[in-house]
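Only one structure is covered here, and it is reproduced in the block below.
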Amino acid sequence: MSAATPPGGPQRAGSVKQVTSFSNPLVKDIKALVAQRKHRQRTGRFVAEGLKLATDALSAGWQVDMLVLGPQARESAAAREAAATARARGATILEVSTQILAAMTRRDNPQMVVGVYHQRLLSDADLDAALAGQPDAVWVALDHVRDPGNLGTIIRTADAVGAAGVLLVGDTTDPFAVETVRATMGSLFHVPLARLTRADFAARMSNWPGTLVGTHLKGASDYRTIAYARPTMLLMGNEQAGLPDDMADLCGALARIPQVGQADSLNLAVATGLMLYEIRRPDLAL
Ligand code: SAM
């Protein structure tokens with residue numbers, strides 16, 4: 001990572017501002033990005049906490065809007081380097097107290113670096129190209145997934161197995177919510193994401209050359225017995241309701257992960273992890 005070579009050529013460097021007031025408009029803006037999905041949607045930005053996420057974002061070429069540094073960060077060579085890189089790419093650097101960082105992020109012990117980034121989702125055309133152009137890919141599709149922690153954990157797991165991307169189908173929760181971003185541990189910046197309606201997903205799957213594998217408590221096939229022909233799309237259901245019949249009917253196979261105890265089902269993120277590692281087993285030589 002270098003402050004001297006911003007991607008896309010030279011840019012006007014951002015400014016450095018000392019912010020001391022809790023009522024500063026930039027502090028209010030960041031608080032609203034943390035608290036309100038509407039504000040994230042309206043502005044197309046989001047907040048990610050921590051130096052690791054800032055370096056992940058910068059190395060993956062995400063556009064940084066602001067980088068907020070607490071007192072400790074200003075003493076850290078790594079944080080100063082991240083700030084220099086972000087600033088060279090046009091980001092505003094805010095220097096604040098620990099109390100302001102805590103108020104911004106609603107945390108008693110805030111991270112010393114907090115970043116504001118521009119959201120990135122695959123466009124329809126990019127999704128089409130990605131679905132068509134990767135014959136060995138493994139994808140994950142999530143139908144109406146509600147829990148931010150589950151979504152973040154799934155994005156992290158998708159990254160770990162080298163999945164091509166995660167499709168957020170229907171009313172799936174916001175990938176840019178602070179809780180989701182936290183749970184991704186930086187993988188948000190490395191896994192392509194797309195949002196689409198159920199109808200759009202069904203239309204794309206109807207002429208997709210790959211295999212759509214759903215997961216269902218009443219699935220006909222033990223997940224270890226399926227031949228996962230590539231490309232593979234793994235479809236996971238909502239935490240409460242599971243996959244509705246019309247979505248299950250789209251699938252070429254319905255996988256069941258055997259259970260022997262009294263649990264009603266597995267946690268969604270755990271089930272996704274088991275499925276992804278089984279699908280990727282031949283490639284990962286596990
Ligand atoms: N009550 C819901 C139902 O009847 O499907 C439980 C949903 S479960 C918590 C959430 C999702 O995790 C399911 O839609 C499915 O994708 C996956 N899942 C959980 N346990 C599973 C299992 N044993 N076999 C296959 N998929 C499972």
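In each ligand, atom 1 is the first atom listed, and ligand 1 is the first ligand listed. Because the structure is a prediction, the values reported are computed rather than measured.
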Does a salt bridge link Glu49 with Arg182, judged by any charged N lying under 4.0 Å from a carboxylate O? yes
Charged N-O contact under 4.0 Å between Asp222 and Arg256: no
Without swapping roles, check the side chain of Arg280 against the backbone of Val138 for a donor-acceptor pair under 3.5 Å. no
For residues Val166 and Leu142, determine if any side-chain heavy atom of one lies less than 4.5 Å from a side-chain heavy atom of the other. yes
Please determine whether residues Val191 and Trp139 belong to a single hydrophobic cluster, defined as Ile, Leu, Val, Met, Phe, Trp and Tyr linked transitively by side-chain heavy-atom distances below 4.5 Å. no
Does the ring center of Trp62 lie less than 6.0 Å from the ring center of Phe189? yes
Would you please write out the protein residues whose heavy atoms approach any atom of ligand 1 to under 4.0 angstrom, listed by chain and number? Thr215, His216, Leu217, Met236, Gly237, Asn238, Glu239, Gln240, Gly242, Leu243, Ala255, Arg256, Ile257, Gln259, Ser265, Leu266, Leu268, Ala271
